[in-house]
Amino acid sequence: MRKSILYGFLSFLLMTGQYSFAQTIWQGQHHSYRIILSGDLAKYKTDSLSVNLPELEINKKVVTTIKGDSIFFKNEIYGFSFKGKYNGNKSAISGIFNYYSIPNTAIVLKKEKEIQPVYFPQHPKKPYPYQVIDMTFLGKKTKLTYGATLTIPKNKKKYPLAILISGTGQHERNYTYAGRQFFTVLTDELARKGIASLRVDDRGIGKTSGNFKESTTGDFADDVDAQIAYLQSDKNIDASHIGLIGHSEGGMIASIVSARNKNVKFMISLSGVGVNGLEMLNLQNTAILKSYNFSDKVVAKQMEMYNIMFKVVYDTKDGESAQPAMEVKLKEWMQKQDSTTLKEIHLWDGRDKDFLYRYGKDADRKWYRYSIHYNPENYLPKITIPVMVANGDKDISVPAEENINSFKKYLKTKDLTAKIYPGLNHMYQHCKTCTQSEVKELDEVFAPEVLDNISKWILARYKK
């Protein structure tokens, strides 16, 4: 596990006594991981230089050797080393980082006045050619305070306005994953094309109040209703053409809100859930297991057991724990299997107890119970506004074909655009192995062709 995580390492310094840069920060980045060198470079001492890898929670002194304009350092405990050279313009240090099976990795450390956030080329830079307003507001029905950022195209009084809805998990308003700001990049694209947007901190994070752990997808849908109500109450905001853009679980939330809130004028579901909860769990877990290259036999047996567990949770009454029934059903199933099968699916030698403990905690959560009972037939047939549904064909979290087909089956809108993008994963990156772990190894934040299609689709349906 450490090898894959530390694949971001690479790194560091160089400086001789002839250069006077006290407490200078030199920073580089490899994929999701920053490498930061700091120390008293004017008065060099072996133990005065430290290496900070914030994303890995590593901050250590390094043993360093300097000869001329070259530098070498290593850390024996963590097993990494660096050999580099100071650039002629004195603004960067170039070198090679080595770590176990990741040899000869090039890194450039640039001189900075202060530590910089994780950055990717698609992240927009100031000054922005649009208006950015940070705000807080109160939800009249939810009684929660929401922290948000409203982005409005400059010199426009009329514009379509999209509320951005993040996927599963607790996220701040930029919907940051592994340092990549998914919604910041989307907002930038929309604003440059004349489309306003609102992105909001989830419950219990940033400046939004509320208890995230005790909330369900239905509660998050209530949050979006509160956001719509606020936008309509502010006379300085054009709320005449509000739409929703939801990713993953956010697509499910968008479906719920669009089915009941007549103020929503358009809906975009990016890798949104279009099937019922039980089918979603089956599709998702099957795709993830296959991504690990397990044999068909192992995948089939694993899913046989999983689906039994899913059904137990589905049938458990609200307010009751599913764990006792899960334990009985798992024991019954295991007694029918041979030892080879149990070893292949990692339920041998007491590991069934670990599985029950881990899954049982999730299974009893309100959010999980709500999700497993989600039925698109309760919402999609009620949606008559223009809808765009999209997926990447390499998505293993929300498999494309089945979910897209379900949207097509149940939606009653006369304006439906459905598209499956080749070569894209769940986070709309052009992927190679297309596994969950690869997401952190790809510097792309959001496929440009999807961004372009989103803005063009909205503008084509906006009547000024």
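The 12-atom threshold is exceeded at CD of Glu449, counting heavy atoms of other residues, nucleotides or ligands nearer than 6.0 Å. Counting heavy atoms of neighbouring residues, nucleotides and ligands inside a 6.0 Å radius, atom CG of Asn155 does not exceed 12 of them.
Put simply, CD1 on Ile163 and CG on Leu198 are 6.0 Å apart, with the number rounded to the nearest 0.5 Å. The CG atom of Asp202 sits 4.0 Å away from atom OG of Ser166, with the distance rounded to the nearest 0.5 Å. From Asp223, atom CG reaches atom CG of Asp201 across 11.5 Å, with rounding to the nearest 0.5 Å. Interatomic distance, CD1 of Ile25 versus CG of Leu109, reported as 12.0 Å (0.5 Å rounding). Separation of atoms CG (Leu164) and OG1 (Thr151) is listed at 8.5 Å; rounding is to 0.5 Å.
Lys235 meets the salt bridge (charged side-chain N to carboxylate O under 4.0 Å, His left out) test with no other residue; sequence neighbours excluded. The side chain to side chain donor-acceptor pair (under 3.5 Å) check on Thr384 picks up nothing, with sequence neighbours excluded. Remark: Glu189 pairs with Lys193 by the salt bridge (charged side-chain N to carboxylate O under 4.0 Å, His left out) rule, at least two apart or across chains. Evaluation of the side chain to side chain donor-acceptor pair (under 3.5 Å) rule for Tyr130 yields Asp188 as partners, not counting sequence neighbours. Taking Lys366 as the reference, Glu214 meet the salt bridge (charged side-chain N to carboxylate O under 4.0 Å, His left out) condition, with sequence neighbours excluded. Applying the side chain to side chain donor-acceptor pair (under 3.5 Å) rule to Asp134 yields the partners Thr149; only residues at least two apart in sequence or on another chain are considered. Scanning for side chain to side chain contact (heavy atoms under 4.5 Å, CB included) contacts around Val264 gives Ile228, Leu244, Val257, Ser258, Asn261, Ile385, with sequence neighbours left out. The side chain to side chain contact (heavy atoms under 4.5 Å, CB included) search around Ser437 returns Thr435, not counting sequence neighbours. By the salt bridge (charged side-chain N to carboxylate O under 4.0 Å, His left out) test, Asp219 is found to be paired with no residue, residues two or more places apart in sequence or in another chain being considered. With sequence neighbours left out, Gln436 forms a side chain to side chain contact (heavy atoms under 4.5 Å, CB included) with Ile288, Tyr292, Ile396, Ser397.
Aromatic ring pairs are classed by plane angle as parallel below 30°, tilted from 30° to 60° and perpendicular above 60°; the pair Phe182 and Tyr428 is tilted.
A donor-acceptor pair under 3.5 Å is absent between the side-chain atoms of Gln284 and the main chain of Met280, judged by distance alone. A distance-only check finds a donor-acceptor pair linking the side chain of Arg180 to the backbone of Ala178 [under 3.5 Å]. Looking at Asp395, its side chain never comes within 3.5 Å of a backbone N or O of Asn391 through a donor-acceptor pair. Formation of a donor-acceptor pair under 3.5 Å by the Asn75 side chain with backbone atoms of Gly79 is not found in this model. Without hydrogens or angle criteria, Ser248 side chain to Gly167 main chain gives no donor-acceptor distance under 3.5 Å. Under the 3.5 Å distance criterion, the side-chain polar atoms of Glu444 are matched with a main-chain donor or acceptor of His430.
The aromatic ring centres of Tyr379 and Tyr410 sit 6.0 Å or more apart. Annotation: Phe137 is in aromatic contact with Tyr230 [ring centroid separation under 6.0 Å]. Between His241 and Phe266, the gap from one ring centroid to the other is short of 6.0 Å. Between Tyr33 and His30, the gap from one ring centroid to the other reaches at least 6.0 Å.
A salt bridge links Lys74 with Glu76: the closest approach of a Lys/Arg side-chain nitrogen to an acidic carboxylate oxygen falls below 4.0 angstrom.
Under a cutoff of 6.0 Å and an axis angle of 45°, Lys409 and Phe407 do not form a cation-pi pair.
When side chains are defined from C-beta on, Asn52 does not count as touching Ser38, because their heavy atoms never get closer than 4.5 Å. A heavy-atom distance below 4.5 Å is found between the side chains of Ile383 and Met267.
The stretch residues 187-215 participates, sequence neighbours left out, in these ring pair (Phe, Tyr, Trp, His ring centres under 6.0 Å) pairs: Phe212-Phe220. Applying the salt bridge (Lys or Arg N to Asp or Glu O under 4.0 Å) definition to pairs two or more places apart or across chains, those involving residues 247-275 are Asp222-Arg260, Asp225-Arg260.
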Discussion item. Show, in sequence, the C-alpha distance, side-chain angles and deciding distance for Trp367 and Thr217, and conclude whether the side-chain contact (heavy atoms from CB on, under 4.5 Å) test is met.
Written reply: CA-CA 6 Å; Trp367 173 86; Thr217 305; 3.4 Å; yes

